[in-house]
**Q** 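Here it is, the structure, as structure tokens.
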Amino acid sequence: MARTPRKSKPGPQARILAVLSERRVCLTLDELAAELGDMPRKKITASVCRLVTQRYVERADKGCYQATDAGAEAQRQGYRPGPQGPLTGNRKPVPNSLRQRVWKTMMMRGRFTIPDLMENACNGTEKSPGSNINHYVWALGRAGYVRELSTRAPGTAVESNGYKQFLLLKKTGMLAPVERRDGVFDPNTGEEIAFGGAA
Amino acid sequence: MRHQFLIEIKNVSRFLAGTQRVKDSGAPEACWQCCQGEAGFGKSSTLEWHATQGGHVYLRAKASWTLTAMMRELVLAVGHQPQGKNNELFYTVLSSLAGSGRSVIVDEVEHAMRDIHLIETLRDISDMTLTPIIVAGHSGTSAKLKRHPQIFSRLSDVTDFGPAEPADVRLVCDRLAEVKGGKPLHFADDLVAEIHRRTQGRIRDIKKAIANVEAIARRSGVEEIGLADVPVKALTSDGNPSELKRRV
């Protein structure tokens with residue numbers, strides 16, 4: 001897909017790619033430094049590394065770099081550094097997040113209420129933990145991880161119907177399943193379970 | 001009622017001081033801690049809170065535990081999928097715990113003491129990785145451990161979970177009770193003393209009593225409440241808010 005050429009001042013990567021695409025020969029870092037003039041040597045090294053990672057520049061020989069065909073094409077279409085496509089990998093679990101602590105509490109207790117989770121998992125830094133936990137338990141319920149029990153725990157308010165009790169059905173591992181738009185991703189098994197799908 | 005864990009309660013402070021003593025113990029392999037006390041004094045909730053907030057490994061021993069069952073639960077709790085024989089499970093646990101700074105907490109440890117292999121496996125893990133082991137059970141757990149000198153000599157601390165003191169009851173009342181709009185509910189001294197007397201310092205029962213008193217206060221729309229405003233039944237563990245609605 002053609003990318004919109006940038007209008008602001010080109011950055012170090014764009015400048016290096018411009019030089020290499022124009023010359024289409026292998027240039028050493030010294031030659032690049034001489035060509036670019038004011039750019040610090042460290043910045044040149046780091047930028048060339050990034051261009052190599054993006055496969056726009058290749059190392060033709062030891063310490064000598066040249067633009068690839070893809071690099072020349074990118075330069076023609078208006079090279080723009082930054083992410084080259086959507087991030088499609090799975091997010092690395094955050095070790096001490098609220099949801100991780102909530103999941104751990106569920107794993108330990110098996111049967112629980114939302115207040116149980118709040119008491120055990122919150123550390124006082126969360127903004128609205130009750131709503132967050134409710135949403136998470138609801139998502140896990142729709143993905144078949146949690147089932148609501150028919151009996152309720154006694155509530156505290158005058159007209160309270162009591163607290164809903166839940167049972168954790170799947171103990172897949174210690175990493176908290178991640179809620180997604182239309183399902184839950186379980187980092188323990190690597191599976192994505194759609195809402196309302198097979199439990 | 002607010003739902004939060006109170007670390008200022010004496011039992012919890014003593015437990016945390018004990019974990020610190022275990023960390024500071026002179027002999028590195030003496031890294032066992034024993035928590036004991038009757039039911040309702042907050043042992044399990046304290047251990048669960050400690051495990052959740054500190055990222056420690058928590059296991060609840062079961063009456064049906066065999067060595068394999070324990071090792072499989074332990075492997076799952078350290079974050080791996082249990083696969084292979086006991087020996088492989090053991091080395092999975094070792095590799096996961098070594099240098100991680102995590103403790104292993106075993107609640108209801110009486111179940112694990114029926115088979116010496118279970119306790120000895122925990123000892124192997126703590127000796128090889130210097131992982132602190134926290135075991136908890138009913139009163140007399142440390143006396144039972146005394147039968148195994150190789151374990152008892154590794155105990156750096158024994159924490160007794162006892163009845164809450166009047167100051168603890170006051171703290172729980174002040175911090176957890178609330179009325180409409182999240183305003184705090186003030187308990188008169190006579191009411192706090194009566195809650196302490198009737199619940200015999202059991203945190204579980206104190207919370208039930210507070211919930212009942214809170215229901216009465218919400219019904220009457222008051223922000224201060226004393227013993228004269230509360231029927232006696234509200235202070236016992238079987239006080240039921242739905243029943244109290246009719247009494248007020």
Side-chain angles (χ1 to χ4, degrees), chain A residues 92-126 128-134 152-164 168 170-177 186-191, chain B residues 1-7 44-60 72-73 75-82 96 102 105 107 176-180 185 207-221 237-246 248:
Chain A
K92 195 180 168 195
V94 184
N96 194 22
S97 63
L98 173 65
R99 290 192 174 191
Q100 182 62 52
R101 294 196 299 268
V102 165
W103 175 254
K104 184 165 183 174
T105 309
M106 289 181 194
M107 289 280 288
M108 286 191 299
R109 296 207 172 176
R111 181 171 54 83
F112 55 88
T113 63
I114 301 287
D116 285 344
L117 300 178
M118 282 178 71
E119 187 176 327
N120 208 47
C122 295
N123 59 14
T125 59
E126 302 86 3
S128 50
S131 148
N132 191 336
I133 294 171
N134 258 315
R152 288 179 173 235
T156 54
V158 181
E159 301 294 337
S160 170
N161 292 325
Y163 296 120
K164 284 181 180 178
L168 183 64
K170 292 193 202 173
K171 294 189 173 183
T172 52
M174 293 312 288
L175 299 176
D186 191 337
N188 302 295
T189 57
E191 289 174 359
Chain B
M1 194 159 118
R2 298 189 187 105
H3 302 288
Q4 54 179 262
F5 188 82
L6 301 174
I7 58 170
S44 295
S45 57
T46 303
L47 293 174
E48 283 174 1
W49 172 84
H50 184 63
T52 309
Q53 299 295 332
H56 301 296
V57 177
Y58 176 92
L59 297 176
R60 187 195 176 283
R72 290 181 75 84
E73 276 199 34
V75 168
L76 193 63
V78 297
H80 292 273
Q81 293 299 322
S96 185
R102 294 189 285 177
I105 300 167
D107 199 2
L176 299 189
E178 61 177 353
V179 285
K180 250 181 189 171
L185 172 65
K207 285 185 180 173
K208 283 180 189 170
I210 290 174
N212 294 340
V213 172
E214 200 183 75
I216 293 165
R218 278 171 187 251
R219 190 83 174 169
S220 331
S237 58
D238 52 356
N240 182 353
S242 61
E243 197 176 312
L244 292 168
K245 274 189 290 189
R246 292 192 293 274
V248 179

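What you see is a predicted model; the values in this text were computed from it and never measured. Numbered from 1 within each chain, the chains take letters A, B, ... in sequence-line order. Just so it is clear, the values below take in all heavy atoms, side chains as well, and ignore hydrogens, waters and symmetry mates.
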**Q** With respect to chain A, which residue among B:Ser44, B:Ser45, B:Ala77 yields the maximal number of heavy-atom pairs within a distance under 4.5 Å?
**A** B:Ala77
**Q** How many angstroms lie between atom CD of A:Gln100 and atom OG1 of B:Thr52, to the nearest 0.5 angstrom?
**A** 10.5 Å
**Q** Could you give the distance from OH (B:Tyr58) to CZ (A:Arg109), rounded to the nearest 0.5 Å?
**A** 8.0 Å
**Q** Does any heavy atom of chain B fall under 4.5 Å from the side chain of A:Asn188, the backbone, both, or neither of them?
**A** both
**Q** Backbone N or O of B:Trp49 within a donor-acceptor pair of the A:Glu119 side chain at under 3.5 Å?
**A** no
**Q** Using heavy-atom distances under 4.5 Å, tell me whether B:Glu48 contacts chain A through its side chain, its backbone, both, or neither.
**A** both
**Q** On a heavy-atom basis, which atom in B:Ala51 and which in A:Met108 lie closest, and how many Å separate them?
**A** CB-SD, 4.0 Å
**Q** Of B:Gln4, B:Arg2, B:His3, which meets side chain to side chain contact (heavy atoms under 4.5 Å, CB included) against A:Met118?
**A** B:His3
**Q** Would the number of heavy atoms belonging to other residues, nucleotides or ligands and lying under 6.0 Å from CZ of A:Arg152 be above 12?
**A** yes
**Q** Check this for me, if you would: do A:Lys171 and B:Glu73 make a salt bridge, where the nitrogen-to-carboxylate-oxygen distance has to be below 4.0 angstrom?
**A** no
**Q** Between B:Gln81 (side chain only) and A:Thr189 (backbone N and O only), is there a donor and an acceptor less than 3.5 Å apart?
**A** no
**Q** Identify the heavy atoms of A:Thr172 and B:Leu76 that sit nearest to each other, and give their distance.
**A** O-CD1, 4.1 Å
